[in-house]
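Structure, as structure tokens:
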Amino acid sequence: MADNSRVLIFDTTLRDGEQSPGATMTHDEKLEIAELLDEMGVDIIEAGFPIASEGDFEAVSDIAKRSKNSMICGLARANYKDIDRCWEAVRNAAQPRIHTFIGTSPLHREITKLTMDEMAERIHDTVTHARNLCDNVQWSPMDAIRTERDYLARVVEIAIKAGATTINIPDTVGYTLPEESAQIIRELIERVPGADEVIFATHCHNDLGMATANALAAVQGGARQIECTINGLGERAGNTALEEVVMAIKVRKDLMPFVTGIDTTKIMHLSRRVSQVSGFPVQFNKAIVGKNAFLHESGIHQDGVLKNVETFEIMKPADIGITETNIAMGKHSGRAALRSKLKDLGYELADNQLNDVFVRFKALADRKKEIYDDDLIALMTDSAANTADDYLQVKWLRVVCGSDGQEAELKMLVDGEEKSCKSEGDGPVDAVFKCVKEIYPTQAKLKLYQVHAVTEGTDAQATVSVRLEEEGRIVTGAASDTDTILASVKAYVGALNRLRVRSQKTAPDADVKSVSYKL
């Protein structure tokens with residue numbers, strides 16, 4: 001077992017996080033996020049679910065080959081086919097791990113139509129099979145919190161005897177409370193033979209808003225591995241957020257006398273990048289990484305932090321990689337200043353990338369008097385979401401609005417071929433979206449359209465997020481511009497590009513419905 005003071009960080013952004021409806025990432029984006037996690041010091045990266053699709057398999061396999069520091073893990077259901085496929089994906093990692101699971105609660109036993117004894121036998125056989133392939137095996141009883149305690153102890157003992165080296169106790173539906181979370185771990189360690197020879201892990205969902213509290217309580221109960229995601233991304237209401245548990249352990253040494261290997265100065269950059277590639281914006285008041293996390297508007301608070309910042313801040317912005325700077329950005333700023341400012345915000349750009357962003361920056365500076373950090377972050381988001389390699393590209397837009405109606409004219413490139421359209425609509429956004437549908441017919445349904453101002457003022461940039469659904473596939477798109485309508489069509493077209501990429505993915509010999517069970 002690991003040092004009792006060390007808490008291992010198991011990041012599942014690329015597996016559980018990507019399973020969030022609309023959060024699908026491209027192959028290159030997954031490799032980039034994995035590299036950032038590896039550099040930050042994450043102990044274990046759960047890179048994906050190899051049996052789910054050929055794309056998932058290839059991503060896990062490539063991440064395994066490239067990882068320098070982190071252990072690389074793949075997920076597998078409790079059957080030989082899944083486990084074999086998982087092993088093929090992770091076997092080339094310097095430190096591979098197979099993570100296999102099965103639902104053990106009465107609800108899940110009913111789904112699988114297995115008796116307690118039949119399930120126990122399957123657990124023994126599949127964990128044994130995994131251990132014969134890989135020295136590092138993690139086993140999870142899905143919906144452990146709602147599993148009978150005696151049966152949970154029984155199957156945990158079976159998994160340990162079969163060769164599991166890590167036992168993960170997932171709160172699959174975010175049902176538990178902190179005291180119960182700690183007690184379950186403590187009880188299993190005390191009563192299960194061999195428990196002192198393995199690492200216990202915790203995987204908490206945020207359905208009741210207590211994922212972080214439950215994870216930290218489990219650590220106090222004896223767990224030494226926390227499963228989490230960047231920004232708390234994940235199924236339904238999300239997971240334990242990596243940044244929250246890591247900073248809580250760092251700040252509260254009086255109650256949490258533990259350590260992690262995480263370089264916290266890389267947290268903000270990784271948070272922003274995951275937000276960009278997933279299309280999921282970080283809420284303003286999100287703990288640690290939210291826009292308002294280090295802002296003070298109350299006069300009493302402002303007076304306090306001016307006298308002593310520790311009066312109202314329990315950590316420094318620099319602790320998570322926010323670098324204070326005196327560089328003011330505007331239309332007279334040059335490339336060097338822009339490069340320096342973006343580096344402070346966590347963006348390292350090659351020369352060609354800088355040139356492209358600089359053109360966009362100058363165009364924005366001509367329309368805005370002041371350029372704030374959030375404007376630059378939005379600019380980077382827009383740059384990442386609309387590239388010259390996209391199948392669909394917005395080239396030109398003209399919208400006429402008034403009390404007597406709205407009309408839009410749009411020119412787009414579709415696989416390099418220019419197409420145009422003119423349409424009327426019930427509002428300018430409706431008119432533009434109708435043009436897109438005429439140029440590129442699709443059955444995708446618009447499930448979400450959301451606009452928010454990045455900064456204040458009438459010249460503020462608007463960030464638009466859209467969510468589309470087609471045949472069960474859900475994708476998101478986001479774009480920013482001082483022109484809300486232009487941002488809207490860019491976001492819509494960006495989502496269509498994602499939908500097209502995702503529709504081309506196939507799952508070899510896999511039943512999509514059968515892989516829908518998640519921890």
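Sequence positions, counted from 1, serve as the residue numbers for this chain.
- There is no side-chain donor-acceptor pair under 3.5 Å between His205 and Asp171.
- Between Glu29 and Arg273 there is no salt bridge, since none of the side-chain N atoms of the basic residue sits less than 4.0 Å from a carboxylate O of the acidic one.
- Between atom NE2 of residue His269 and atom NZ of residue Lys266 there is a gap of 8.0 Å, rounded to the nearest 0.5 Å.
- Here Lys286 pairs with Glu244 in a salt bridge; the nearest charged N to carboxylate O distance falls below 4.0 Å.
- Between the side chain of Ser67 and the backbone N or O of Ala64, no donor-acceptor pair lies under 3.5 Å.
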*Test side-chain hydrogen bond (donor to acceptor under 3.5 Å, both in side chains) applied to Thr115 and Asp117, step by step*: CA-CA 5 Å; Thr115 66; Asp117 289 341; 5.4 Å; no
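- Considering only heavy atoms from C-beta on, Ile160 comes within 4.5 Å of Val156 through its side chain.
- Cys134 is listed as a side-chain neighbour of Trp87, based on a closest heavy-atom distance under 4.5 Å.
- The two residues Leu233 and Ser278 make their nearest non-hydrogen contact at CD2-CB, 4.1 Å.
- Judged by distance alone, the side chains of Ser271 and Asn231 do bring a donor and an acceptor atom under 3.5 Å apart.
- A donor-acceptor contact shorter than 3.5 Å links the side chain of Arg498 to the backbone of Thr24.
- A salt bridge links Lys30 and Asp56; the closest N-O separation between the charged side-chain nitrogens and carboxylate oxygens is under 4.0 Å.
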*Tell me, with the steps shown, if Asp11 and Leu242 meet side chain to side chain contact (heavy atoms under 4.5 Å, CB included).*
CA-CA 7 Å; Asp11 185 273; Leu242 179 149; 3.6 Å; yes
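- A heavy-atom distance below 4.5 Å is found between the side chains of Ile102 and Trp139.
- A distance of 7.0 Å separates CZ of Arg467 from OG1 of Thr476, quoted to the nearest 0.5 Å.
- Within the 3.5 Å criterion, the main-chain N or O of Arg77 finds a donor-acceptor partner in the side chain of Thr100.
- What you find for Asp16 and Glu235 is that their closest heavy atoms are OD1-N, 3.4 Å.
- When side chains are defined from C-beta on, Arg236 counts as touching Asp207, because their heavy atoms get closer than 4.5 Å.
- Under 4.0 Å is where a charged nitrogen must lie from a carboxylate oxygen, and between Glu190 and Arg186 no such pair does.
- Between Ser480 and Thr463, the side chains place a donor N or O and an acceptor N or O closer than 3.5 Å (distance only, hydrogens not considered).
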*So Phe294 and Ile320, side chain to side chain contact (heavy atoms under 4.5 Å, CB included) or not? Walk me through it.*
CA-CA 11 Å; Phe294 294 96; Ile320 61 167; 3.6 Å; yes
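- One finds the CD1 atom of Ile167 at 11.5 Å from the CD atom of Glu197 (value rounded to the nearest 0.5 Å).
- Judged by distance alone, the side chain of Gln95 and the main-chain N or O of Asn69 form a donor-acceptor pair under 3.5 Å.
- The two residues Ala144 and Thr104 make their nearest non-hydrogen contact at CA-OG1, 4.5 Å.
- Nearest heavy atoms, Ala153 versus Leu188: CA-CD2, 3.8 Å.
- Within a 6.0 Å sphere centred on CD of Glu118, heavy atoms belonging to other residues, nucleotides or ligands number more than 12.
- Contact check on Arg109 versus Asp143 returns no salt bridge, with no Lys/Arg side-chain nitrogen under 4.0 Å from an Asp/Glu carboxylate oxygen.
- Interatomic distance, Leu75 CG to Arg97 CZ, rounded to the nearest 0.5 Å: 12.0 Å.
- Of the candidates Ile230, Leu270, Ile267, Ile267 is the only one forming a side-chain contact (heavy atoms from CB on, under 4.5 Å) with Val289.
- Taking a cutoff of 4.0 Å between a charged side-chain nitrogen and a carboxylate oxygen, Arg15 and Glu18 do not qualify as a salt bridge.
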*asked:* Could you go through Asp38 and Ser70, starting from their C-alpha distance and side-chain angles, then the distance that decides it, and tell me whether this counts as side-chain hydrogen bond (donor to acceptor under 3.5 Å, both in side chains)?
replied: CA-CA 6 Å; Asp38 192 46; Ser70 303; 3.0 Å; yes
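- Here the straight-line distance linking atom CD1 of Ile45 with atom CG of Leu37 works out to 5.0 Å at 0.5 Å rounding.
- A distance-only check finds a donor-acceptor pair linking the side chain of Arg224 to the backbone of Val219 [under 3.5 Å].
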All N/O donor-acceptor pairs, side-chain side in residues 173-182, below 3.5 Å, sequence neighbours left out:
unit_1 : atom_1 : unit_2 : atom_2 : d
Thr176 : OG1    : Glu180 : OE1    : 2.7
Ser181 : OG     : Asn214 : O      : 2.8

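- Put simply, the side chain of Thr128 reaches to within 4.5 Å of the side chain of His124, judged on heavy atoms.
- Judged by distance alone, with hydrogens and angles left aside, the side-chain atoms of Thr212 form no donor-acceptor pair with the main-chain N or O of Thr240 at under 3.5 Å.
- The pair Glu54-Arg85 counts as a salt bridge, with a side-chain nitrogen and a carboxylate oxygen less than 4.0 angstrom apart.
- Inspection of the Ser140 and His99 side chains reveals an N or O donor paired with an N or O acceptor under 3.5 Å.
- Between Arg191 and Glu187, at least one side-chain nitrogen of the basic residue sits less than 4.0 Å from a carboxylate oxygen of the acidic one, meeting the salt-bridge criterion.
- Checking Gln138 against Glu46 by side-chain atom types alone, no donor-acceptor pair falls below 3.5 Å.
- Within the 3.5 Å criterion, the main-chain N or O of Gly234 finds a donor-acceptor partner in the side chain of Ser20.
- A donor-acceptor contact shorter than 3.5 Å is absent between the side chain of Arg131 and the backbone of Asn136.
- The two residues Val466 and Ala491 make their nearest non-hydrogen contact at CG2-O, 3.4 Å.
- Not a single side-chain hydrogen bond (donor to acceptor under 3.5 Å, both in side chains) links Thr202 to another residue, sequence neighbours left out.
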*Check the pair Leu499 / Arg473 against side chain to side chain contact (heavy atoms under 4.5 Å, CB included), numbers first and verdict last.*
CA-CA 7 Å; Leu499 191 60; Arg473 292 183 290 270; 4.1 Å; yes
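- Residues Ile474 and Lys447 are not in side-chain contact: their nearest non-hydrogen atoms beyond the backbone lie 4.5 Å or more apart.
- Gly17 and Thr229 make their closest contact through N-CG2, 4.2 Å (heavy atoms, listed as atom of the first residue, atom of the second, distance).
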*Assess whether side chain to side chain contact (heavy atoms under 4.5 Å, CB included) is satisfied between Met71 and Phe10, documenting all intermediate values.*
CA-CA 9 Å; Met71 181 176 293; Phe10 177 113; over 6 Å; no
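- Under 3.5 Å, the side chains of Thr26 and Asp28 contain no donor-acceptor pair of N or O atoms.
- For the atom pair Asp125 CG and His129 NE2, the distance stands at 10.5 Å (nearest 0.5 Å).
- Lys316 and Glu313 are not joined by a salt bridge, as no carboxylate oxygen comes within less than 4.0 angstrom of a charged side-chain nitrogen.
- For the residue pair Thr147 and Ser105, no side-chain donor N or O sits within less than 3.5 Å of a side-chain acceptor on the partner.
- Other residues, nucleotides and ligands contribute only 12 or fewer heavy atoms inside 6.0 Å of the CD atom of Glu121.
- Using a 4.0 Å cut-off between a side-chain N of Lys or Arg and a carboxylate O of Asp or Glu, Asp43 and Arg6 qualify as a salt bridge.
- Around NZ of Lys253, the count of heavy atoms belonging to other residues, nucleotides or ligands within 6.0 Å exceeds 12.
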